[in-house]
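Contents: one structure, followed by commentary.
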Amino acid sequence: MEKETVKQGDTCEVFCFDEQKVNALKQRIDEVEGVELLFKALSDATRLKIAYALTLEEELCVCDVANIIGATTATASHHLRFLRNMGLAKYRKEGKLVFYSLKDEHVRQLVSVALLHAKEDN
């Protein structure tokens with residue numbers, strides 16, 4: 001086993017905690033339950049690219065998405081269905097075409113903020 005190196009200054013030297021803060025936060029911490037699924041859906045590079053494309057255009061048909069990501073329509077459809085099932089995208093059918101869009105403004109904001117954050121680090 002490798003020995004974990006602890007850098008000076010990146011951990012408390014004594015164990016103590018603010019009981020009032022900890023108790024207040026413990027009561028609220030479960031509010032994040034289920035949110036990890038949102039991040040799981042966007043943790044796949046292809047799905048994130050699709051979500052990003054849908055922030056740039058209001059809606060795209062499955063064929064458009066397939067061409068944008070360089071995949072088959074079956075693969076694009078699979079990823080779009082996953083985003084829909086996770087509550088991030090919605091679709092409408094028009095004749096023989098299926099058009100996808102982001103479910104709401106919150107999803108658009110989430111993708112946009114993540115992109116801004118990533119650009120800050122570079």
Looking only at atom types and distance, does a side-chain atom of [X] sit under 3.5 Å from a main-chain N or O of [Y], one as donor and one as acceptor?
{"X": "D104", "Y": "V107", "result": "yes"}
{"X": "R84", "Y": "A89", "result": "no"}
{"X": "S43", "Y": "K40", "result": "yes"}

Say you draw a straight line from [atom1] of [X] to [atom2] of [Y]; how long is it, rounded to the nearest 0.5 Å?
{"X": "E31", "Y": "L25", "atom1": "CD", "atom2": "CG", "value": "10.0 Å"}
{"X": "R28", "Y": "N23", "atom1": "CZ", "atom2": "CG", "value": "14.5 Å"}
{"X": "L83", "Y": "R47", "atom1": "CG", "atom2": "CZ", "value": "6.5 Å"}
{"X": "C61", "Y": "K96", "atom1": "SG", "atom2": "NZ", "value": "14.5 Å"}
{"X": "T46", "Y": "L80", "atom1": "OG1", "atom2": "CG", "value": "11.0 Å"}
{"X": "T75", "Y": "H78", "atom1": "OG1", "atom2": "NE2", "value": "8.0 Å"}

Check your understanding: Quick one: side chain to side chain donor-acceptor pair (under 3.5 Å) partners of R92, sequence neighbours excluded?
Key ->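 Side chain to side chain donor-acceptor pair (under 3.5 Å) check on R92 returns E59, E94.
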- Item | Over all atoms of both residues, closest heavy-atom pair of L42 and A51 |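 Heavy atoms only, the tightest pair is CD2-CB, 3.9 Å.
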- request: Return the minimal non-hydrogen interatomic distance between A41 and M86, and the atom names on each side.
  value: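 Smallest heavy-atom distance, with atoms named: CB-CG, 3.8 Å.
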ask   = Do L60 and L56 belong to the same hydrophobic cluster, where Ile, Leu, Val, Met, Phe, Trp and Tyr are linked whenever their side-chain heavy atoms lie under 4.5 Å apart, directly or via other members?
value =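 Yes, same cluster.
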Tell me whether F82 shares a hydrophobic cluster with F99, the cluster being built from Ile, Leu, Val, Met, Phe, Trp, Tyr side chains joined at under 4.5 Å.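 Per the 4.5 Å side-chain linkage, F82 and F99 are not co-clustered.
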Using a 6.0 Å cut-off, check whether atom CD of E19 has over 12 heavy atoms from anything other than its own residue.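 Open.
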So does E36 have more than 12 non-hydrogen atoms from other groups sitting under 6.0 Å from CD?
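More than 12 within 6.0 Å, yes.
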State, with a plain yes or no, whether a side-chain heavy atom of [X] is found less than 4.5 Å away from one of [Y].
{"X": "L54", "Y": "L88", "value": "no"}
{"X": "N85", "Y": "R81", "value": "yes"}
{"X": "L102", "Y": "V111", "value": "no"}
{"X": "Y52", "Y": "L115", "value": "yes"}

